[in-house]
Amino acid sequence: MSDRPQQVVINSPLDMHLHFREGAMAQTVIPLSSYSFAGGVIMPNLVPAVNNLERLTGYLQEIKSIVGDDVFQPYMTVFFKDYSYEELEQFKPHILGIKLYPAGVTTNSEDGVAALDRVETTIKYMEELEIPLLVHGETHGFVLDREKLFLPIFEHLANKFPRLKIIMEHITTAEAVALLDRYENIFATVTLHHLIITLDDLAGGLLRPHLFCKPIAKRPEDREALLKAAIAAHPKLMFGSDSAPHPIDKKEACGCAAGIFTAPIALAALAELFAKHNALDRLQAFVSDNAQKIYDIIPPQKFITLESIPFKVPATYGDVVPMFAEREISWSITKLF
Ligand code: NCD
Ligand code: ZN
């Protein structure tokens with residue numbers, strides 16, 4: 001065997017679930033995504049939430065000014081609430097979808113939906129206007145079962161609004177993977193970390209706050225089902241990092257904030273993972289082509305070369321600790337054009 005490094009070139013990688021925050025944190029994290037990805041779906045759970053046109057356009061301006069000359073398309077979302085048809089019409093040219101959070105299930109979701117049956121008029125309008133619905137699918141049940149308990153709500157929505165594109169965000173269970181094949185209008189994103197870790201990595205030994213996120217990592221059989229679908233490039237599954245930075249003092253705290261910061265390591269770690277499973281030829285579909293087809297988008301062109309050359313993950317980026325801090329990933333980004 002030659003000892004030349006293995007190599008893969010990805011055209012226009014996309015991160016279909018991404019938290020950029022605002023202000024100083026945005027200055028730290030945005031360049032790390034805009035460097036290696038060609039676009040990303042930007043989550044609206046700021047304080048206050050992105051839920052009106054002024055806030056949306058202001059946030060987009062801030063992102064664009066930080067992206068600068070990098071080739072990177074921010075695909076914006078707004079925070080779901082009971083919107084009128086006119087409001088939705090105004091949003092439509094500026095957004096890729098609307099993100100629904102059940103009230104209180106995760107970071108900055110206090111103003112989310114408390115009773116889904118009371119907001120179905122807005123969902124119906126979204127179906128009419130062909131605006132995708134992105135959902136954080138967790139209930140307030142027992143923490144390991146929250147996603148599973150939410151799945152009947154996805155089924156209800158899929159049946160009631162058959163022309164609505166519904167995206168189950170950051171799925172973590174084998175049951176959610178199975179749902180993809182049962183409903184034509186249900187799609188999903190999956191993170192890097194849920195393909196790699198289980199609850200054991202977070203809490204099986206010493207508690208690892210930098211691996212704590214919502215939804216919480218699950219059982220080995222769940223991770224296996226997610227991984228199997230990802231490395232097969234299941235056409236209804238897209239990569240979405242759910243990279244969710246919090247300052248170190250909010251993570252290494254009594255009352256640790258939920259969120260894992262993966263943006264700067266995501267592509268290298270995915271290449272390592274896909275190489276390990278002899279699936280490098282499917283990475284392009286998983287990190288770009290599937291999303292382009294599902295959302296009917298054409299991202300800017302950007303070629304990223306990844307090679308099996310080790311990369312030592314820094315301890316911190318600004319005041320954020322990344323996943324795999326100070327560890328080595330056996331792949332790295334070697335060229336961009
Ligand atoms: C996200 C955050 O910090 O904004 N946290 C997380 O644990 N994933 C919110 C979310 O996507 O749930
Ligand atoms: Zn998220």
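All values below were derived from every heavy atom in this structure, side-chain atoms included, with hydrogens, water molecules and symmetry-related copies excluded. Atoms within a ligand are numbered from 1 in the order they appear, just like the ligands themselves. Numbers here are sequence positions counted from 1.
Residue pairs meeting the side chain to side chain donor-acceptor pair (under 3.5 Å) criterion with at least one member in residues 100-114, sequence neighbours excluded: K99-Y101.
Using a 4.0 Å cut-off between charged nitrogen and carboxylate oxygen, R55 and E22 count as a salt-bridge pair. Salt-bridge check for E128 with K124: passed, with a basic side-chain N closer than 4.0 Å to an acidic carboxylate O. The pair E155-R182 counts as a salt bridge, with a side-chain nitrogen and a carboxylate oxygen less than 4.0 angstrom apart. A salt bridge does not link K312 to E326: none of the charged nitrogens lies less than 4.0 Å from a carboxylate oxygen.
Here F274 pairs with F286 under the ring pair (Phe, Tyr, Trp, His ring centres under 6.0 Å) rule; sequence neighbours left out.
Between F20 and F72, the angle of the ring planes lies from 30° to 60°, which puts this pair in the tilted group.
A centroid separation of 6.0 Å or more is found between the aromatic rings of Y295 and Y75. In summary, the aromatic rings of H170 and H194 are positioned with their centroids too far apart to meet the 6.0 Å limit.
Protein contacts to the Zn ion (ligand 2) involving N, O or S atoms at a distance below 2.8 Å are H17 NE2, H19 NE2, D242 OD1.
Listed by chain and number, residues touching ligand 1 at under 4.0 Å (heavy atoms only) are H17, H19, R21, N45, T106, T107, H136, H170, C213, K214, D242, A244, H246, A258, G259.
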